[in-house]
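Heads up, the thing below is written out as structure tokens.
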Amino acid sequence: MIRPTLVINVLLSALGFSLAPPASAGMTGCAIGQRVKAPAGPATVVSIQGSACTVRVDGRPYTDVYAAFMLDALEAPAPSPSRASPPATATNGTAPGGNPKPGLYQCFGGPAGNLKLRFLGGNGYANEQGVKGSFAPGRDGQIKFVSGPWKGFFGKVLAHGRIGLTSVDGGSFYNLTCDPR
């Protein structure tokens with residue numbers, strides 16, 4: 001007996017269709033902060049869950065979720081924490097010591113929506129309403145908010161001066177990702 005799937009595959013092949021993924025089948029994984037080409041355009045990876053990559057397409061205030069194979073890398077991913085990172089310099093968006101560069105940041109993140117966060121000189125910050133607080137810088141760009149509206153939260157300076165924010169100390173899943181403006 002001939003299997004129906006074999007017949008369908010033969011017919012599709014005869015018509016020029018293939019069920020196999022194309023040779024350039026995209027990425028096998030993604031990294032938070034990585035720049036990618038999504039079906040909707042250039043984007044930044046803001047979170048990862050398994051092989052699903054949540055991205056914010058440039059110019060959009062919301063996020064989209066794609067399987068990693070649906071994306072193409074526009075740049076190499078940032079080194080993982082297990083590898084040595086280059087020293088922070090002004091060229092990668094951080095001030096000496098890994099502190100966030102002072103200025104206004106636009107933050108995005110799924111159910112958290114979007115908000116603005118301003119990093120002040122020194123170890124200070126202010127929320128969108130102007131309420132101030134301070135943070136303690138750690139090694140490798142880690143941030144611990146020690147006072148103010150973000151007290152008890154954590155962050156990390158990512159590639160290109162972006163900042164990931166989380167409620168987990170040392171976490172690598174960032175609920176919010178903030179881009180310098």
Checklist entry - Could you go step by step and tell me if Leu120 and Lys132 meet the side-chain contact (heavy atoms from CB on, under 4.5 Å) rule? => result CA-CA 9 Å; Leu120 310 170; Lys132 294 180 180 179; 4.2 Å; yes
Next on the checklist: Show, in sequence, the C-alpha distance, side-chain angles and deciding distance for Ile143 and Phe153, and conclude whether the side-chain contact (heavy atoms from CB on, under 4.5 Å) test is met.
Outcome noted: CA-CA 9 Å; Ile143 302 166; Phe153 285 86; over 6 Å; no
Next on the checklist: Go through it in stages, so that I can follow the logic: the residues are Leu176 and Leu115, the test is side-chain contact (heavy atoms from CB on, under 4.5 Å), and I'd like the CA-CA distance, side-chain angles, deciding distance and then a yes or no.
Outcome noted: CA-CA 9 Å; Leu176 288 171; Leu115 56 95; 4.0 Å; yes
Item to check | Audit row: Val36, Val45, side-chain contact (heavy atoms from CB on, under 4.5 Å) steps and yes/no | outcome: CA-CA 7 Å; Val36 296; Val45 176; 3.9 Å; yes
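At least one side-chain heavy atom of Tyr66 sits under 4.5 Å from a side-chain heavy atom of Pro39. Residues Gln34 and Thr44 are not in side-chain contact: their nearest non-hydrogen atoms beyond the backbone lie 4.5 Å or more apart. Residues Leu117 and Glu128 form no side-chain contact, since every pair of their non-hydrogen atoms from C-beta on lies 4.5 Å or further apart. Residues Val57 and Tyr62 form no side-chain contact, since every pair of their non-hydrogen atoms from C-beta on lies 4.5 Å or further apart.
Neither side chain, Arg162 nor Thr177, offers a donor N or O lying under 3.5 Å from an acceptor on the other. Side chains of Gln129 and Asn127: a donor-acceptor N/O pair is present below 3.5 angstrom, by distance only.
A 6.0 Å sphere centred on CZ of Arg139 holds no more than 12 heavy atoms belonging to other residues, nucleotides or ligands.
Put simply, Leu158 and Leu71 are part of the same group of oily side chains (I, L, V, M, F, W, Y) that touch within less than 4.5 Å, one to the next. Under the 4.5 Å side-chain contact rule for hydrophobic residues, Val55 and Ile48 share a cluster.
Separating the NZ atom in Lys144 from the CG atom in Asn123 is a distance of 13.5 Å, to the nearest 0.5 Å. Of the inter-residue distances, the one linking Ser47 atom OG with Phe108 atom CZ reads 14.0 Å to the nearest 0.5 angstrom.
In terms of heavy atoms, Pro100 sits closest to Val157 at N-CG2, 3.9 Å. Closest approach of Cys178 to Leu165, counting heavy atoms only: SG-CD1, 3.6 Å.
Shown are Thr63, Asp58, Asp64; of these, the side chain to side chain donor-acceptor pair (under 3.5 Å) with Arg60 is made only by Asp64.
Between Phe119 and Tyr105, the ring planes are perpendicular. Angles over 60° get that label, and only those under 30° would be called parallel. Relative orientation of the Phe135 and Tyr125 rings is tilted, given thresholds of 30° and 60° on the angle between their planes.
Side-chain N or O atoms of Ser147 include one that pairs as donor or acceptor with a backbone N or O of Ser134 at under 3.5 Å.
The pair Arg35-Asp72 does not meet the salt-bridge criterion, since no charged nitrogen lies less than 4.0 angstrom from a carboxylate oxygen.
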